[in-house]
Colleague: 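The structure is given below, and queries will be raised subsequently.
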Number of protein chains: 2
Amino acid sequence: MALNKFFLQFVNFNESELDQLNQLAKPEQISKGEALIKRGQVCDKLYFVTKGILRLGYTSEKGEEVVLDFVFQDSFAVDYVSFLLQQPTEMDIIAVQDCQLLSFERKSIHKLYEENIKFQKMGRLISEFYFIRFAERIKENSLPPKERYDKLVATNGELLQKIPQYLIASYLGISAEWLSKLRAKK
Amino acid sequence: MALNKFFLQFVNFNESELDQLNQLAKPEQISKGEALIKRGQVCDKLYFVTKGILRLGYTSEKGEEVVLDFVFQDSFAVDYVSFLLQQPTEMDIIAVQDCQLLSFERKSIHKLYEENIKFQKMGRLISEFYFIRFAERIKENSLPPKERYDKLVATNGELLQKIPQYLIASYLGISAEWLSKLRAKK
DNA sequence: GTAATTTCTTGAATTAGTTCAACAATAATA
DNA sequence: TATTATTGTTGAACTAATTCAAGAAATTAC
């Protein structure tokens with residue numbers, strides 16, 4: 001099961017510990033275009049994506065939707081900043097396709113942290129995992145759009161085909177038309 | 001003292017705990033243009049900047065130096081990814097001006113973590129602090145260069161004047177000439 | 001205090017990217 | 001299957017940004 005596999009990446013849990021984690025998970029679903037989290041809300045849940053793709057971003061002053069990140073299957077959708085600080089998020093998390101999710105309440109996760117240090121360790125390692133992803137993102141952002149696109153295709157090839165190109169263009173910081181022209185070039 | 005002030009932001013340490021932290025600190029200095037950390041090294045120290053400014057970045061394939069971040073006085077210079085994973089860094093950290101630093105060895109910090117849970121908490125909160133900075137950076141990167149420049153000036157006004165503009169331009173992802181023209185415009 | 005080096009500015013030519021509009025292709029719905 | 005809505009492509013006119021070269025201004029070294 002993908003969820004357990006995810007946890008086992010970080011800490012060598014035994015069966016009963018995995019059970020404890022699984023018992024916290026509440027199945028949720030959301031259809032294409034709907035928001036999982038909206039600007040202004042406090043993000044007090046983690047959402048494990050069992051199926052579908054979401055995008056994290058915001059609406060600019062000019063009213064354009066800016067995509068900052070995609071969340072694919074088998075990883076967590078969350079605005080970690082809002083989740084950590086328990087303050088209103090500036091982001092929206094929106095389903096790119098119909099999604100199936102498992103939600104974990106912050107409070108119940110924190111309860112586990114206190115019960116067993118292995119859960120605490122998991123929490124720390126997951127934070128670090130996302131931290132490292134962010135650091136990589138900042139570095140990648142310094143590359144020209146074409147290179148960023150090629151890298152994205154190289155690492156997320158198939159999944160990417162399920163995302164409309166105008167969203168990918170927004171993620172890359174270029175217009176949809178220009179991405180189309182870049183793709184046509186080679 | 002600025003170092004203690006930094007720690008007290010995160011955890012309410014008593015005097016003896018602050019002493020423990022201070023005893024780990026080894027004064028170092030480095031002159032303008034020199035590297036504190038070079039690509040390929042493992043970053044096994046944290047450096048608190050008591051004086052000066054550093055830049056974190058890398059050399060691209062075309063041989064240009066790309067600036068990803070500035071480290072100002074009273075904060076830590078470190079490649080956190082390399083520090084966390086203890087793997088070779090892909091970054092260089094270079095002094096923009098002569099700097100005075102206090103270095104903290106990873107091993108001795110980890111020793112403190114085990115002795116007293118308050119230190120552990122500090123470690124977590126400092127990680128979160130940088131995590132949040134990274135998240136903000138990713139969002140800022142989505143704005144047009146002029147806006148990013150104005151924001152930078154608004155928050156780091158005086159300090160910024162001590163950094164050559166071609167480095168600021170690199171940080172913003174534009175050429176030095178274009179930054180000069182942008183500045184001239186209004 | 002002058003020379004040498006580093007940094008900053010300006011202009012001209014070129015490339016990268018945008019906007020808008022029109023149409024083509026694809027997917028969703030009846 | 002035909003219809004509608006969403007997504008993708010293309011071209012023309014425009015704006016943003018780069019490169020290169022030259023000179024001006026500011027710093028550093030002697």
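Reminder, nothing fancy here: chain letters follow the sequence lines and each chain counts from 1.
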Colleague: Tell me yes or no: between the side chains of B:Q29 and B:D98, is some donor less than 3.5 Å from an acceptor?
Modeller: no
Colleague: Determine whether the side chains of A:E17 and A:N116 contain a donor N or O and an acceptor N or O closer than 3.5 Å.
Modeller: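 Checked: A:E17/A:N116 side chains pair up, N/O donor to acceptor below 3.5 Å.
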Colleague: Rounding to an integer number of Å, can you tell me how far B:K32 NZ sits from D:dT28 C1'?
Modeller: 8 Å
Colleague: Please say whether the positively charged group of B:R148, taken as NZ for Lys or CZ for Arg, lies over the ring of B:Y171, i.e. under 6.0 angstrom from the six-membered ring centre and within 45 degrees of the axis.
Modeller: yes
Colleague: Nearest whole Å is fine: how far is D:dT9 P from A:W178 CH2?
Modeller: 14 Å
Colleague: Is it true that the side chains of B:Q100 and B:E28 contain a donor and an acceptor less than 3.5 Å apart?
Modeller: no
Colleague: In whole Å, I'd like the distance from the NZ atom of B:K185 to the P atom of D:dT15.
Modeller: 11 Å
Colleague: Is the ring pair A:F104/A:F7 parallel, tilted or perpendicular, if the boundaries are 30 and 60 degrees?
Modeller: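 Ring orientation of A:F104 relative to A:F7: perpendicular.
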Colleague: Please list residues of residues 162-174 of chain B whose heavy atoms come under 4.0 Å from any atom in DNA chain D, ordered by number; otherwise none.
Modeller: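 Under 4.0 Å from DNA chain D: B:G173, B:I174.
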Colleague: Salt-bridge test for A:E147 and B:K62: reply yes if a basic N is under 4.0 Å from a carboxylate O, no otherwise.
Modeller: yes
Colleague: Given atom CD of B:Q97 and atom P of C:dT6, what is their separation to the nearest angstrom?
Modeller: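 B:Q97 atom CD is separated from C:dT6 atom P by 17 Å.
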Colleague: Pairing donors with acceptors under 3.5 angstrom, does anything connect the side chains of B:Y58 and A:S142?
Modeller: yes
Colleague: Which of these passes ring pair (Phe, Tyr, Trp, His ring centres under 6.0 Å) with A:F134: B:F131, B:F134, B:Y130?
Modeller: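 Considering B:F131, B:F134, B:Y130, a ring pair (Phe, Tyr, Trp, His ring centres under 6.0 Å) with A:F134 is found only for B:F131.
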Colleague: Taking atom CD as the centre, does A:Q86 end up with more than 12 heavy-atom neighbours from other residues, nucleotides or ligands that are less than 6.0 angstrom away?
Modeller: yes
Colleague: One thing to verify: whether B:R133 and B:D69 come together as a salt bridge, which I'm taking to mean a side-chain N less than 4.0 angstrom from a carboxylate O.
Modeller: yes
Colleague: Angle, rounded to 10°, between the helical axes spanning five pairs at each terminus of the helix from C:dG1-D:dC30 to C:dA30-D:dT1?
Modeller: 50°
Colleague: Please compare A:E177 and A:P145 by the position of their nearest nucleotide in DNA chain C and report the one closer to 5'.
Modeller: A:P145
Colleague: Between P on D:dT19 and CG on B:L179, what's the gap in Å once rounded to a whole number?
Modeller: 14 Å
Colleague: Could you check how far NZ of B:K181 sits from P of D:dA16, rounded to whole Å?
Modeller: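 My rounded result for the distance is 13 Å.
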Colleague: Between C:dT10 atom P and B:L182 atom CG, what is the distance in whole Å?
Modeller: 12 Å
Colleague: Round to a whole Å and report the spacing from CD of B:Q161 to P of D:dT27.
Modeller: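 Computing the B:Q161:CD to D:dT27:P distance gives 11 Å.
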Colleague: What is the ring orientation for B:H110 with B:Y113, classed by angle as parallel under 30°, tilted 30 to 60°, or perpendicular over 60°?
Modeller: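 B:H110 vs B:Y113 ring planes: tilted.
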Colleague: Could you identify which residues of residues 58-73 of chain B place a heavy atom less than 4.0 Å from some atom of DNA chain C, listed by residue number, or say none?
Modeller: none
